[in-house]
Every structure is written in C-alpha cells, then in structure tokens.
Amino acid sequence: MPPTYRILPVIENRSLGPYTYLRIEDPEMLLVARCGHFLMVGFSSSIDPFLPRPLSLFEVEENSFSILVKVRGRGSDLLSKTREGENLKILGPLGTPFNPPESGVLIAGGIGIAPLYYQSGWMKSGKLFYGTKKKEELILTREMEERDFTVKTITQENGGTVCDLVRMNKNDIEGEKIFICGPWDMIRALKEILGEFARNAFVYLERRMGCGLGGCKSCAVKTNSGYKLVCQEGPLFPLSEVRFD
Amino acid sequence: MPPTYRILPVIENRSLGPYTYLRIEDPEMLLVARCGHFLMVGFSSSIDPFLPRPLSLFEVEENSFSILVKVRGRGSDLLSKTREGENLKILGPLGTPFNPPESGVLIAGGIGIAPLYYQSGWMKSGKLFYGTKKKEELILTREMEERDFTVKTITQENGGTVCDLVRMNKNDIEGEKIFICGPWDMIRALKEILGEFARNAFVYLERRMGCGLGGCKSCAVKTNSGYKLVCQEGPLFPLSEVRFD
Amino acid sequence: MIDLSVNLSGIKLKNPVILASGVWDLPYREIIDFDRLGGVIYKGVSLKPKEGNPPPRLTETPCGVINSIGLENEGVMNFIEEILPTLKESNTAIFSNIFGESIEEFSKLSSLIRDVSGIEVNVSCPNVDKGGLLFGKDPNIVYSITKSVCNETDLPVIVKLTPSSANIVEVAQAASDAGASAISAVNTFQGLVIDIETGKPLLKRGVGGVSGPAIKPLALYNVYQIAKSVDIPVIGSGGITTYQDALEYFFAGSSAIQIGSAIFNNPLAPIQIIDNLKKWMERKGYKNLKELKGKYE
Amino acid sequence: MIDLSVNLSGIKLKNPVILASGVWDLPYREIIDFDRLGGVIYKGVSLKPKEGNPPPRLTETPCGVINSIGLENEGVMNFIEEILPTLKESNTAIFSNIFGESIEEFSKLSSLIRDVSGIEVNVSCPNVDKGGLLFGKDPNIVYSITKSVCNETDLPVIVKLTPSSANIVEVAQAASDAGASAISAVNTFQGLVIDIETGKPLLKRGVGGVSGPAIKPLALYNVYQIAKSVDIPVIGSGGITTYQDALEYFFAGSSAIQIGSAIFNNPLAPIQIIDNLKKWMERKGYKNLKELKGKYE
Ligand SMILES: Cc1cc2nc3c(=O)[nH]c(=O)nc-3n(C[C@H](O)[C@H](O)[C@H](O)COP(=O)(O)OP(=O)(O)OC[C@H]3O[C@@H](n4cnc5c(N)ncnc54)[C@H](O)[C@@H]3O)c2cc1C
Ligand SMILES: Cc1cc2nc3c(=O)[nH]c(=O)nc-3n(C[C@H](O)[C@H](O)[C@H](O)COP(=O)(O)OP(=O)(O)OC[C@H]3O[C@@H](n4cnc5c(N)ncnc54)[C@H](O)[C@@H]3O)c2cc1C
Ligand SMILES: Cc1cc2nc3c(=O)[nH]c(=O)nc-3n(C[C@H](O)[C@H](O)[C@H](O)COP(=O)(O)O)c2cc1C
Ligand SMILES: Cc1cc2nc3c(=O)[nH]c(=O)nc-3n(C[C@H](O)[C@H](O)[C@H](O)COP(=O)(O)O)c2cc1C
Ligand code: FES
Ligand code: FES
C-alpha cells in the first residue's frame, strides 16, 4: 500500500521517561503500517522549521498511532510541545518494511528503543539489550518483559554502555538474528564487538532527510555497494553492508 | 517613562464581535500607559513571522492590559489563535502619547474603534461616529454610552459609510476636537467632508513597522513638513498636516 | 471556466505548475497526482552514473534548506530506458534535466534524449567541481553550450540559470541568442552552514545550494530582471510554496513556475497551488493567465 | 573569566557584538544597555539631509525583511553636533557609517568626522539611485573611495560590501589594498516583493534589500570566502539572531559581528548573544575568542 500525506490531529501528549509520547488520531495507519516503517512529521502551516522530521512508528492501534520523541534540537522540541488538538503533517508510512523473525536479539541505545519496541510487537519473544546514559532513560522494560523478552539493561551512570553489556553476554547472541538501533558510534563499536555474529545483524540507520520518499537523494549512507538511501532502502540495513569510513 | 521589552503571557483570549480580544498579564502597564500609546507584539521564539505587529492599547487594568485584533494577514491570524498561557513579546508602550480633551468627537471605521475606545477612557464624555461594513462588526456601543458618549452608527449593509454619517451630522461637530481612526481612504474622504473643521481633527495613522522605536525609519508618512515617523511622532497626527498625494 | 494553459514558445502545458528538477523521483507519483501537473522535470542526468557527494547532503536553514547532493543519478541511459517509459504513464509534460562537465557531454546528452517535451540544461548546480555554475556564470560558455545543444536536438531547449552570475540578464540573453526556447530562473543560491560542534562546514564541500521560501524575494528579483530584458519566456523557480507566491512570479513576468523544495514541506503544494490559483482567478474575474499577465503567451 | 575582547587592526572592542547601521537610533538606548555592547554603528549619514524613499519602506519576507528606506538621515552635521555627543554618554565604541554619491562626497564626509572609533564606508546600499551598491560592485571604484577616505582621516576605515558584486573577494581585496582596516560583510541582498492586490512591486523603487535569518547561509558564505582571502579582519553581518549564528560567523572567519534586523524581532538579541556566547565558551573551556578562531586577532 502506498504512503499517504495527511493532516492529522494530536490526541495525546504525555511524558514517557525523558521522552515525549505523542498519539495521533488516524483510522488508517493500522491497515498499512508494517515493521520497519517510519513517518515524516511536519508542522502544519509552518515554513520555519521548513522540513518535516523522520520518526519511527512506536505503536499502532485501531484508530491512532504514536511516536516517541527525544528532544534534540528545534524540531523535536517543537514536537514535544504540540498540544492536543493541534495538527501535524504526516507523510507515511515510509521506508522498506521487513518481516522480523519470531524471535531474536534487539540492541537499543537510548531513544533507539522506539523502533525496536515497535518491532517487538511483531515478534513472539526475544532478548533485549538496552543501554542509556541515566537510569531515568530506561523505559518500557516491563512492557518488553510482558512481550516475552528477556531484558538486560545498563546505564553509563552505573556499569557502562550497551556495548559492554553485549560483550558480557555474547553467548546469548549466538545464532540469533540481531537488530540494532542507537547512535552511530555505538553501531560502529558493536560491529567490532559482534565479530562474526555481525553477519546476522541489522541496523536501523538515521540520516538527515528532505523528502523521506526517495526524491531528494539527501539521506545517502555509504554501503559496500555504493550509496543507498535510508528513506527508500532502509531504514534497516544489514550491518555488514554499512561502511564506517 | 521609557518603554520596556518583556515576554508576557496571554491570560485571556475571547471573541469580541468579529475581533479577538487578548488580555495579557502585566503588573506594570498601568503605571506607564497613556492615551495614544501602542505596542509592538511579537511571537515568542519565532523567526517567521519575523516582525512584531503594531497594536493599540485597548484596555489597561491593574495587572493586565488587552489588545483587540482584527485578522488581516498571517500575523494577526496567529495572534488570534494565541492560547492562554502562551507568551508574547511585548515592546512598549510606544509612540507619543497625548492628553485628550475632556470631551470631543471620535470617528471610527471598523477596527479603528480599538484606540478610540481606549482614548474614550481618558475622556469624560463625547460623541462617537462609528461605521462598519456589517452589523456584527459594531461593537462596544453600549460601553461607549456608559462612558457618556452619544453613539451614532452606520453600516454599509444598511445606510452607508461613516463618512456619510459625518456628512449628515456636521452640526454635531462644530467647535469640537475630532479624533479619527480607520482606513486610509476613509481618512482622505473625511478630510474633504470635514472642510474647515478638519483644522480641529487628529488622525491615528497606520504604517508597516519594523522596530516601533524610531530606529529603522520604515514607518514614514508624508506631511506638510516632510516625512514623519508614525512610531515616533505618531500614531496621532493633525489631519491638516497629513499629505494624501 | 478558467483556462490555466500556457504555451512556452511552442511547449504547451495544461497549467503553469511544473515540478522542479532534483527534488522528486518516481515514488512521488503515489502522493502527487502527476496528471494534474503542467509538467515535471526529472532530476539532472549525466552521461555516466554519478554517485553524488558524501553525506550529510542536506540540512535546514531559516525558512529553507541547503543541499549538496552532487547530482547523484544513474545516468542518461537509465533515464531513457527505465524512467521515461514509467513517467510516460502520466498525462503531463515531461522534461529532462541534463548536466555535463563539458560542451561535448551536453551535446552527447541532448543527442540521446528524445520523446520529452523539452530539455532543461542545467548550467547552474553549485554542488559539483566541474561544470555547474562555473559554466552558468559565463555568458560565453552558456552561449556555446546552448548552441551545441540546440544543434543536436529538435526539442525545445530550456536553460536553467544560476543567481551567482555577475549579470544574469546577460547570461539569459546569451542563452536566448543561442536558440533557447525558455529560461528557468533560478537554481539554488550558494550558501554555507557551519556545524558549531566541530567548527567546520556541515556539508563536506563547504558550499551548498540554498532553496525554499528564504530565497523567494531574491529569486523573484532575478526573474523580474530577466523577464524585462529577454524575449523568450521565463520559468520562475525559487521558494514558491503558495498560490500567492506563484502570483508574485507571474506578475514579475514568469510564464510558468517550478515547485522545488516546497514538496518537502508539503507534498501537495503543487496541486494546492493549481487549485487556489483557479479559485483566485475566479474570484477576481480572470479567465486565463494571459489576461493576468499580458506580457508573455 | 572569559575574555570576549577583540582587536580589529587596532580598533579595540570589549566584545565582538556590534549594533549594525540603519536599524536603530537613539531611543534604542532605553531598551538595550549600550554599555554592554562591543560597539554601535550609527545609521548612514550623507553630507546633506536626505528625506528617504516614499513609503511603504519595509515589509516582511520569509524569515526576514526587505527594506527600501533610501538612507533617510539628517546629514553629517546633525550627526556630529546632536547625535555623537549623546552617544558618547555610553561606554561603547561608536562608529559612523557614511554614504556619498561621489568620491568627493565620501572624502568630504570623512574629513568632517572625528572622535569615533572608526568610519564605516557604505558602498553597498541597494536603495538609492546613485552610489550605493553601484559603487560597491566595482573593485576599482571601491579602491578609489577607500583610498580617498583613508587620505582624509586617521581613523580606522571599515568598508561595507554588497553581496551583489560579481566577485566580492576581489572587492574586499581592493578595499584592503587601498588601506581599509576592516571589511564589513555583507549589506542586504537585492530582492523583490510583489503586492498581488495591485500586481506591482510593493516597494516603490521595485528592488529592496533583504536582511534577516533568511540570508544567513548566503551572507556567511560571502564572509567565509573573504576571510580566507584577505588579511584584514572581517566583521560579519547577515541574519544573526542567536549566539549559535554568531559562532557560525566566527568559525567562518569573522572577527566581530553586526546585529541588524534581529533587534526588530527581539531587541535584546545583542545582549543575549553576548551572555550566551560567554556561557558557551565557559562550557567548552575556551578563555577568549582567539582560542576559538585562531585566525585573526
Ligand atoms: C528513519 C528515522 C527514524 C527516526 N526515529 C526517531 C524516533 O522514533 N524518535 C526520535 O526521537 N528520533 C528519531 N529519529 C531522529 C530524529 O529524526 C531526529 O532526532 C530529529 O530529526 C532531530 O530534529 P531536531 O530539529 O530536533 O534537531 P536538529 O536541530 O535538526 O539537529 C539536532 C541534532 O540532531 C541531529 N539530527 C538532525 N536530524 C537528524 C536525523 N534525521 N537523523 C539523525 N540525526 C539528526 C543533528 O545532527 C544535530 O546534532 C529518527 C531518524 C530517522 C532517520
Ligand atoms: C500604531 C498602530 C496601531 C494599530 N492598532 C491595531 C489594533 O489595535 N488592532 C488591529 O487589529 N490592528 C491594529 N493595527 C494594524 C495592524 O498592525 C495590522 O493589521 C497588522 O500588522 C497586520 O499584520 P498581518 O500579519 O495580519 O497582515 P500582513 O499579512 O502583514 O498584511 C495584511 C494586510 O495588512 C496590511 N498591513 C500590514 N501591516 C500593516 C500595518 N502595520 N499597518 C497597516 N496595515 C498593515 C497589509 O498592507 C496587507 O494589506 C495598528 C497599526 C498601527 C501602525
Ligand atoms: C535536493 C535538491 C536537489 C536538486 N537537484 C537539482 C538538479 O538535479 N538539477 C537542477 O537543475 N536543479 C536541482 N535543484 C534545484 C531545484 O530544481 C530548484 O531550482 C531550486 O531548489 C529552487 O527552487 P525551490 O526554492 O522551489 O526549491 C535541486 C534542489 C534541491 C533542493
Ligand atoms: C531598515 C534597514 C536599514 C538599513 N540601513 C543601513 C544603512 O543606513 N547603512 C548601512 O550600511 N546598512 C544599512 N542596513 C544594513 C544593515 O546594517 C545590515 O548590514 C543588514 O541588514 C544585514 O544584517 P541583518 O541580517 O542582521 O539585518 C540597513 C538594514 C535595514 C534592515
Ligand atoms: S530523504 Fe529524500 S531521498 Fe531520502
Ligand atoms: S517602525 Fe522603525 S522607525 Fe518607525
């Protein structure tokens, strides 16, 4: 099903840990959304900020969907302040969706939990390795357990990074499909740490985007077979394909 | 007292006829505001729209003041949608205030009622000639009567323009000081109609403004003694001084 | 009935709203009804595929965007064999935008392309090391390129100009003298964004091209000057997001307009501009764009 | 302790934030604490008073403004007798901005002005029929004007450039060769706004000068190019509204910055930029601007 562009109202804005959870009314998303999809979310009747922001689907329900926003700059700050009843411009769902395995390993750094949480809803069970800077940032661990995921967490305040966590638990990963979402440096480090398991790993990539629709060629990422567009062939890529040079 | 620049919260937004009445919390305005003053009202944390909008003081109370906004373009539209609790950037009070006579004639066209209503609060009694396009646009007539003003109204739907009204009631005007606020064409026409009485007339002028503070020289209006700045020497000018060529 | 059709030196469009080069690709057909558009200009193609510039390639600026895509494309043969047939499914005028690093490459490209409504010659890209606006700044080079393209093809030739030239009117005149059917004005403005975390330019090449509403008054001034001075029609481009912007361009002398970055902000902008233009003309009692402008047909 | 002071070829400023010419006048002292500013540049003065252009003189553009003030001013004698003594009450560097319609007028103006920290030579105004950017586009004329101004005065001479020149680096070089102490870059960009109700340009002269955030990436690119190529310091100007913008200008090579239109949007912008710059440097462990930039002193 092709993506659509619509103006949709925010119907809930609340905090989830340090992030903003925005629920948007939409009777149609449930029909089309699949694992791996993201949206371009724009500010209605604004030409400044000019660009919409790419955000992962977080939850999709009967008549609404939600996104989880970490405040990073001006755009995400504005999003976090959206009030109920305000409209957003929604283009999506976008990207190339995929069928996740019934079970597998998810590795999340910080806000990287957002697409992985959505992905977990398409799986039967699995393991989650999850690291954040601070304790308050660890969210959804109970919900993940309820989804039959074994959850291992770590914080930089107390113990180290998710890379340390993975290093300490490499046995748990053997033979499993691995899905990673987090900052670039974490991904790069994980590639090292995973070693031969990296062949089974997939990574959600982030890039600054213009259109989200394969139009502007701005979201290029270097792979073994040249530049690829995150918005079109991604956001999920095999970790072994991604070039870090 | 010099003007100040402050970020102040909107505490009331309601309709008044076709206009938006915005009340803004401010414990200080009452100490400094005088008849003839206006404000530059800007959008907090916005660089688009970039410029603040000039708006007359409408009411000034103990801990707040209000403005009356007619939606004309993007800026006034945004202002009309400001919600309670939202902040505005307020620079003012600006312009050269004046001491109105105890009694006199006010001539308002449309939203021109805003500064004249404020002025009436500084007077003991007087006469108001007031014209609008439609009946719904006639506001505050009862309040003006309570302030001991004789109110004569006209609408274009029904009777004609305020110029017609003045023409029909020229006797009432003789010997009185006259204060006019309304569109440029109305002012020009009134100058003709008032004839020799124009010598006693003053007019609130409008110009696109950059700074409101005599800095940018953008609000020039042609007078018999060259260009004058509306934000600095106005907004009130002797009608006989204003050039219409 | 409002008639929005335009005739640009023989190029007939059902309306003056054209999707600009480089901001869209085939997937946009799922969002924008191409059948409603006056035309679409495909992204710049070169003889051989080009991989484009290293990321980041684009970021936001106040009321606009800056890009350094570097003309990533899969080459002219891919355009001819894969893209064009698909685009042909839509009932709209299709234009090809070509980019060469030498006059020879421009000739070769134009000899290969057929079966489109016109060729837009891109001598105005700020994001490449060879050709691009280095060509477009020089009236003599623009003359030569235009001439050689016109020699190779019977298709209408549109020359797309850069605002970076010292005297854009002279360049437009050169293109016109060399046989161009129309001028596109303008491509992006050269700009710079610094990443304050690193103290270095955010885009790897330093300079990028700025587009979007921010540049509208600047681009419009270029269009106005060109339209006053040359006889061939001008297709206005730069920061158009609403029908009011479109009207400014018509009054300034453009015969048609291109919508570029606006589709990032609002993919339906082109369609809304067409609809709102119609409504405005109805309200004002205009029947066609000729009445509105008078200046060009 | 953060030291924000800068030394522009001998002009000492307590910090790099200067109020730009033409956007402020004396009443602003009631809102902005001038004692906190690095400097202030008074609006352009000419030999005789000028009444300026007919209204409207200014309107909004996306993320910016366009103006056609036309250098309304009360003449240099008024500046010397009325304005300067009042400005002197503030503890900040005062600069005079001068505008002439001929080389002789520029010389005359500079021979009259004393007792300021420097003279900014405006050869870049888009809103006058004589002089202005017509002078500023031509490196030879800029050389001659700068030279004759430097001959008339011992004060530091700053030449303010227009982005409309074909090659701004060449013009900057000419000013430097002729003895300028610093370059201000850039003045407003030529732009056009059409009033769609009338179909005519909103500003009576058609063209106006665009300023504000919209032009920031464009102006910054000019500054970057100049700073790379000339030895005298560059004072950056164009769309600065925040300390982040200021940092972009420093990293691009400016030694000081001017705040213009920003004060319409937020009169406290200059003060906030100073405060936030300090905080940022503290956070990052910088002690002074030299460490930050290295390039100029
Ligand atoms: C496919 C995809 C899915 C995403 N899903 C989510 C999500 O579910 N929740 C969430 O909070 N964030 C998500 N992001 C990241 C989000 O898009 C950025 O945080 C956001 O665009 C930043 O905008 P801003 O205006 O707040 O920041 P800006 O002011 O634009 O930039 C602030 C910082 O963020 C970086 N940045 C800007 N844009 C991006 C971008 N597109 N990707 C990565 N870094 C960027 C800049 O380099 C800068 O350091 C996703 C990104 C992609 C590409
Ligand atoms: C001293 C003064 C006091 C004013 N008091 C009030 C008031 O109390 N209530 C009120 O509703 N309005 C008042 N105005 C007018 C108000 O400033 C404009 O309506 C407003 O700026 C329009 O902004 P906009 O963004 O909505 O319109 P824009 O989109 O900017 O323009 C829409 C239309 O309004 C015209 N316009 C724009 N700016 C001005 C301006 N400054 N003056 C006149 N016309 C303009 C334009 O020419 C255009 O036709 C006052 C103006 C001045 C100068
Ligand atoms: C991401 C991007 C890519 C572009 N690629 C091309 C291109 O390949 N060829 C070309 O002639 N113009 C290209 N342009 C310029 C646009 O076609 C258009 O002329 C310019 O962006 C100004 O219009 P706008 O403000 O409506 O975007 C590109 C612009 C952007 C933003
Ligand atoms: C209303 C207005 C008047 C100006 N007058 C002058 C002037 O008299 N002399 C001058 O050199 N520059 C003048 N300028 C240019 C500014 O000093 C500044 O260089 C330009 O606006 C770009 O900076 P900004 O984007 O911060 O405004 C004026 C600008 C504006 C907006
Ligand atoms: S964001 Fe435009 S191509 Fe990916
Ligand atoms: S608005 Fe700036 S001088 Fe009046």
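The structure displayed is predicted, hence computed values, not measured ones. Here is how names work: the chains are called A, B, and so on, in the same order as the sequence lines, proteins then strands, and each is numbered from 1.
Scanning all heavy atoms of the two residues, the minimum distance from B/F50 to D/P213 falls at CE1-CD, 3.2 Å. Across all non-hydrogen atoms, the minimal contact from D/P267 to B/Y5 is CD-CE1, 3.3 Å.
Residues B/V221 and D/P55 form no side-chain contact, since every pair of their non-hydrogen atoms from C-beta on lies 4.5 Å or further apart. Contact of the B/C216 side chain with the D/F264 side chain is registered, since non-hydrogen atoms from C-beta on lie closer than 4.5 Å. Side chains of B/K217 and D/K43 form a contact here, defined as non-hydrogen atoms less than 4.5 Å apart. Under the 4.5 Å side-chain criterion, counting only non-hydrogen atoms from C-beta, B/P3 is in contact with D/E30.
Rounding to the nearest 0.5 Å places CG of B/L94 at 7.5 Å from CD1 of D/I31. Put simply, NZ on D/K216 and CD1 on B/I47 are 7.5 Å apart, with the number rounded to the nearest 0.5 Å. With rounding to the nearest 0.5 angstrom, the OH atom of B/Y227 is 12.0 Å from the NZ atom of D/K50. Note that CG of D/N266 and CD1 of B/I7 are 6.5 Å apart. Values are rounded to the nearest 0.5 Å.
Heavy atoms closer than 4.5 Å to chain D are found nowhere in B/S44, neither backbone nor side chain. Of the atoms belonging to B/L51, heavy atoms from both backbone and side chain fall under 4.5 Å from chain D. There is no contact between D/S68 and chain B, counting heavy-atom distances below 4.5 Å. Only the backbone of D/N53 comes within contact range of chain B, with heavy atoms under 4.5 Å apart. Looking at D/L202, only its side chain comes within 4.5 Å of chain B, counting heavy atoms on both sides. Contact annotation for B/M40: neither backbone nor side-chain heavy atoms come within less than 4.5 Å of a heavy atom of chain D.
A donor-acceptor pair shorter than 3.5 Å can be found between the side chains of D/N265 and B/K89.
Under a 4.0 Å N-O distance rule, the pair D/E60/B/R53 qualifies as a salt bridge.
In this structure, B/K134 places its NZ atom where only 12 or fewer heavy-atom neighbours from other residues, nucleotides or ligands lie under 6.0 Å away. Other residues, nucleotides and ligands contribute only 12 or fewer heavy atoms inside 6.0 Å of the NZ atom of B/K133. Residue D/E74 qualifies as open at atom CD: its count of foreign heavy atoms under 6.0 Å is 12 or below. Sparse packing is recorded around CD of B/E192, with 12 or fewer heavy atoms of other residues, nucleotides or ligands lying under 6.0 Å away. Other residues, nucleotides and ligands contribute only 12 or fewer heavy atoms inside 6.0 Å of the CZ atom of B/R199.
In terms of heavy-atom pairs under 4.5 Å with chain B, the best-connected choice from D/G70, D/P54, D/P56, D/G52 is D/P54. In terms of heavy-atom pairs under 4.5 Å with chain D, the best-connected choice from B/P52, B/A220, B/G226, B/G212 is B/A220. Your options are D/L26, D/T59, D/T241, D/N67, and the one with the most heavy-atom pairs under 4.5 Å with chain B is D/T59. The choice from D/A214, D/C63, D/P27 that makes the most heavy-atom pairs within less than 4.5 Å of chain B is D/C63.
In terms of modelled atom types and a separation under 3.5 Å, the side chain of D/D25 and the main chain of B/G215 share no donor-acceptor contact.
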Between B/S218 and D/I69, is a side-chain contact (heavy atoms from CB on, under 4.5 Å) present by the stated rule, with each step listed? CA-CA 6 Å; B/S218 64; D/I69 307 299; 3.9 Å; yes
